[in-house]
**Q** 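This structure is in structure tokens; I'll ask about it shortly.
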Amino acid sequence: MKKIYFSDLEQYFNQEIELQGFVDKIRDLQYVQFVVLRDSSSKVQVTIEKNDENKAMNDVISTLTKESTVLVKGLLKESPNVKLRGMEMIPSSFVITSLSEEELPIDILAYTNTSNQELRMDNRFLDLRQEKNYMIFKAQTLAEMAMREYWIKNNFIEIHSPKILGTASESGAEVFKLDYFGKTVYLAQSPQFYKQMAMASGFNNVFEIAPAFRAENSHTAYHATEFTSVDCEISWIQSHHDVMDMEEAVCKNVLKKVKSEMNEDFKRVFKEDINDSDVAFPRIPFAEAKKIIQENYKYIGEKEFDFDRKEEELIGLYAKKKLNSDFVFVIDYPFEARPFYHMLDETTGKTKSFDLLYKGIEITTGAQREHRIEILKKQAVQKGLSLESIDFYLNFFRYGVPPHGGYGFGLTRFLMRLFNIDNIREVTFLYRGPNRVNP
RNA sequence: GGUCCGGUGGUGUAGUGGUUAACAUGCCAGUCUGUCACACUGGAGAUCGCGGGUUCAAUUCCCGUCCGGACCGCCA
């Protein structure tokens with residue numbers, strides 16, 4: 001028999017059906033027992049009168065514990081008196097399929113739920129039984145689907161690049177070293193070089209949704225040592241604006257999809273609507289953004305060539321208040337703050353690059369890439385790289401390569417902001433950080 | 001990696017140099033004619049993170065250590 005999701009129960013009134021779920025609550029009164037069942041979609045009450053006919057079931061329920069799983073067969077009745085959805089199940093059979101221990105290591109009741117994060121992470125399988133957590137991963141699924149939908153429609157190829165690397169790629173962030181049959185290899189911190197390789201392969205447009213690894217000992221609410229990176233790269237572009245046009249369309253498709261599928265639940269649980277506004281994402285040059293922050297918020301960041309956390313928040317705030325957008329592109333960063341492969345604009349001397357901020361946090365870095373090998377080599381040398389170490393990468397540019405660009409998008413950071421959750425651990429299925437590699 | 005803060009029943013907190021360490025929630029038992037965050041009564045449950053020091057006496061003060069968190073730096 002097919003699993004009936006509790007959210008669909010309205011279709012089954014006055015029918016004999018079979019329900020499977022977790023035990024959410026047990027109320028064992030003198031003459032009647034109520035058991036509230038829960039699945040990922042909803043809850044429903046099972047009602048059993050205490051009498052001779054029901055003796056066997058009454059005994060089962062008196063041994064039942066919360067969070068056990070059960071299989072219940074019976075008649076689903078419309079019962080306006082029941083506050084929980086105006087329905088109840090009158091069972092003819094009630095079987096415990098898995099008995100939970102009496103006390104849980106964490107508190108997963110929606111109205112208290114105060115257990116600290118560390119304990120919840122230790123017992124993540126229980127923590128995730130909460131509806132608000134299930135919703136995060138439902139949103140993640142829908143977001144990925146909406147992205148794929150857009151990309152497939154627009155002639156993208158999905159790639160799966162290797163995560164084990166013979167040479168440490170893309171300097172900057174630290175990489176994990178790993179023993180590989182006696183040799184040292186590295187975990188990929190980005191699919192950057194390989195998605196560019198796909199451009200050299202004539203794939204036109206590619207995307208990849210995959211883990212990335214960073215050996216940064218970062219103790220913040222928005223870093224992890226392993227996270228899901230969404231990467232894409234497109235060919236035959238004129239500038240980084242073509243890349244931004246594409247990302248903007250993808251983001252709008254994602255929010256539209258997530259909103260249409262789950263706004264109702266989102267509003268019930270988080271008391272607000274998902275914002276899928278159609279406003280164009282503002283594109284503010286880096287130098288101008290610095291000025292805006294100074295003039296509007298009297299704040300001067302410490303870094304000349306980049307933003308600090310506070311500046312990110314302030315430019316996000318400005319975009320929201322003055323331009324009515326949750327998103328803002330900051331574009332044309334100075335070369336000092338960017339990797340060697342970002343293309344420079346010949347007239348301005350700035351990189352043809354951008355960051356996308358969503359509600360004041362950086363979720364994307366993107367750019368048009370430098371595809372002209374001589375300039376690429378020159379820029380690598382300027383950044384202090386040895387050409388031998390990136391020789392395999394430079395090869396991609398020796399035999400014709402389309403002008404191209406792309407971006408990397410932090411899926412977990414996006415989810416943090418979507419749900420207004422201030423910690424990346426909460427939106428990661430199983431978080432990995434400097435101090436956590438279990439469960 | 002730097003700075004700051006924290007660790008007390010299953011969970012979340014309060015509190016104290018000295019008698020039985022308090023409260024909420026959860027758990028167990030009983031009572032209760034249909035509950036719906038059921039209610040009521042009772043009960044079990046804490047070597048106060050670990051090690052050392054000061055003291056007649058340390059959960060409390062001091063030092064060390066482990067674990068965790070926040071902010072900063074790095075980035076997605």
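Letters A, B, ... mirror the listed sequences (proteins, then strands); counts begin at 1.
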**Q** In which ranges does RNA chain B form stems of 3 or more consecutive Watson-Crick or G-U pairs, distances under 3.5 Å?
**A**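 Stem list for RNA chain B: B:1-7 with B:66-72, B:10-13 with B:22-25, B:27-31 with B:39-43, B:49-53 with B:61-65.
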
**Q** Taking protein heavy atoms under 4.0 Å as touching, what does nucleotides 67-72 of chain B look like 5' to 3' if B marks base contact, S marks sugar-phosphate-only contact and - marks none?
**A** SSSSBB

**Q** Using a 6.0 Å distance limit plus a 45 degree cone around the ring axis, check whether A:Arg309 lies over the aromatic ring of A:Tyr222.
**A**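 Positive - A:Arg309 is close enough to the ring of A:Tyr222 and near enough to its axis.
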
**Q** Please list, in numerical order, the residues of residues 354-364 of chain A that have a heavy atom closer than 4.0 Å to any atom of RNA chain B.
**A**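 Heavy-atom contacts with RNA chain B come from A:Glu362, A:Ile363, A:Thr364.
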
**Q** Could I get the full list of ring pair (Phe, Tyr, Trp, His ring centres under 6.0 Å) partners for A:Phe13, not counting sequence neighbours?
**A**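 Ring pair (Phe, Tyr, Trp, His ring centres under 6.0 Å) check on A:Phe13 returns nothing, list empty.
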
**Q** Which side-chain N or O atoms in residues 243-253 of chain A pair as donor and acceptor under 3.5 Å with protein atoms at least two apart or in another chain?
**A**
residue: A:Asp245; atom: OD1; partner: A:Arg283; partner atom: NH1; Å: 3.1
residue: A:Asp245; atom: OD1; partner: A:Arg283; partner atom: NH2; Å: 2.7
residue: A:Glu247; atom: OE2; partner: A:Thr364; partner atom: OG1; Å: 2.7
residue: A:Glu248; atom: OE1; partner: A:Arg283; partner atom: NH2; Å: 3.4
residue: A:Glu248; atom: OE2; partner: A:Lys252; partner atom: NZ; Å: 2.9
residue: A:Glu248; atom: OE2; partner: A:Phe281; partner atom: N; Å: 3.0
residue: A:Lys252; atom: NZ; partner: A:Asp278; partner atom: O; Å: 3.2
residue: A:Lys252; atom: NZ; partner: A:Val279; partner atom: O; Å: 3.2
residue: A:Asn253; atom: ND2; partner: A:Ala146; partner atom: O; Å: 3.0

**Q** Which whole number of Å gives the distance between the C1' atom of B:A46 and that of B:U60?
**A**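 My reading of the C1' atoms in B:A46 and B:U60 gives 16 Å.
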
**Q** Across the strands shown, which category fits A:Leu411 at heavy-atom distances under 4.0 angstrom: base, sugar-phosphate, nothing?
**A**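 The residue A:Leu411 makes no contact with any strand.
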
**Q** Parallel, tilted or perpendicular for A:Phe193 and A:Phe340, by the 30°/60° rule?
**A**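 Geometry flag for A:Phe340 against A:Phe193: perpendicular rings.
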
**Q** Does a salt bridge link A:Lys195 with A:Glu208, judged by any charged N lying under 4.0 Å from a carboxylate O?
**A**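 No.
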
**Q** When the nearest nucleotide of RNA chain B is assigned to A:Leu119 and to A:Val32 on a heavy-atom basis, which residue is associated with the more 5' position?
**A**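 Mapping each residue to its closest nucleotide by heavy atoms, the 5'-most match is A:Leu119.
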
**Q** Could you tell me how far B:G9 sits from B:G49 if I compare only their P atoms? Round to whole Å.
**A**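 It works out to 8 Å between them.
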
**Q** Under 6.0 Å between ring centres: does that hold for A:Phe307 and A:Phe286?
**A**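 That pair passes the under 6.0 Å test.
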
**Q** Of the nucleotides B:C75, B:C32, B:C28, which one has an atom closest to the side chain of A:Glu102?
**A**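 Selected nucleotide: B:C28.
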
**Q** What distance, rounded to whole Å, do you find between the two C1' atoms, one in B:C28 and one in B:U16?
**A**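 Per the computed distance, 31 Å lies between those C1' atoms.
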
**Q** Can A:Tyr31 be said to stack with the base of B:G34, given centres closer than 5.5 angstrom and planes under 30 degrees apart?
**A**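 It does not: the ring fails the test against the base of B:G34.
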
**Q** For B:G34 and A:Lys83 - does any side-chain N or O of the residue sit under 4.0 Å from the phosphate oxygens OP1/OP2?
**A**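 No.
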
**Q** If we take the P atom in both B:C72 and B:G15, what is their distance in whole Å?
**A**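 Between the two P atoms, the distance is 29 Å.
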
**Q** Taking 4.0 angstrom as the limit, do A:Glu304 and A:Lys290 come out as a salt bridge?
**A**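 The answer is no: the pair does not qualify as a salt bridge.
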
**Q** Could A:Lys310 and A:Tyr299 be counted as a cation-pi pair, given that NZ or CZ must be under 6.0 Å from the ring centre and within 45° of the axis?
**A**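 The answer is yes, since A:Lys310 meets both limits relative to A:Tyr299.
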
**Q** Run the side-chain contact (heavy atoms from CB on, under 4.5 Å) test against A:Ile157 and tell me which residues pass, sequence neighbours left out.
**A**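 So A:Ile157 forms a side-chain contact (heavy atoms from CB on, under 4.5 Å) with A:Ile159, A:Phe203, A:Val206.
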
**Q** Determine whether the aromatic ring centres of residues A:Phe329 and A:Phe354 are separated by less than 6.0 angstrom.
**A**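 Yes; A:Phe329 has its ring centre under 6.0 Å from that of A:Phe354.
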
**Q** Can you identify which nucleotide, out of B:C74, B:U11, B:U35, has its nearest atom closest to the A:Asp107 side chain?
**A**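 Selected nucleotide: B:U11.
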
**Q** Using the C1' atom as the point on both nucleotides, what is the distance between B:U19 and B:U13, in whole Å?
**A**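 B:U13 and B:U19 have their C1' atoms separated by 24 Å.
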
**Q** Kindly confirm or rule out a cation-pi arrangement of A:Arg338 over A:Tyr333, judged by NZ or CZ under 6.0 Å from the six-membered ring centre and within 45° of its axis?
**A**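 A:Arg338 over A:Tyr333 ring: yes.
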
**Q** For A:Lys25 and A:Phe34, find the nucleotide of RNA chain B closest to each by heavy atoms; which residue's nucleotide sits nearer the 5' end?
**A**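 Comparing both residues, the 5'-ward one is A:Phe34.
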
**Q** For a quick check of understanding: with a heavy-atom distance under 4.0 Å over all strands, which category does A:Lys50 fall into, base, sugar-phosphate or nothing?
**A**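 It contacts nothing in the nucleic acid.
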
**Q** Would you classify A:Gln33 as touching base, sugar-phosphate or nothing, given that sugar-phosphate means primed atoms plus P, OP1 and OP2, and contacts are heavy atoms under 4.0 Å?
**A**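 Answer is nothing: A:Gln33 stays at 4.0 Å or more from every strand.
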
**Q** In terms of side-chain geometry, is the basic nitrogen of A:Lys320 or A:Asp326 positioned less than 4.0 Å from the acidic oxygen of its partner?
**A**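 A:Asp326 and A:Lys320: salt-bridged.
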
**Q** Distance check, P atoms only: B:C40 and B:G52, in whole angstrom units.
**A**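 Pairwise P distance, B:C40 against B:G52, rounds to 46 Å.
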
**Q** Which one, B:G34, B:G73, B:G12, comes nearest to the side chain of A:Ser115?
**A**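 Nearest listed nucleotide: B:G12.
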
**Q** Under 4.0 Å, heavy atoms only, any strand: does A:Ala212 hit a base, just the sugar-phosphate, or nothing?
**A**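 The residue A:Ala212 makes no contact with any strand.
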
**Q** Taking only the P atom of each, what is the distance from B:U65 to B:U3 in whole angstrom?
**A**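 Per the computed distance, 13 Å lies between those P atoms.
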
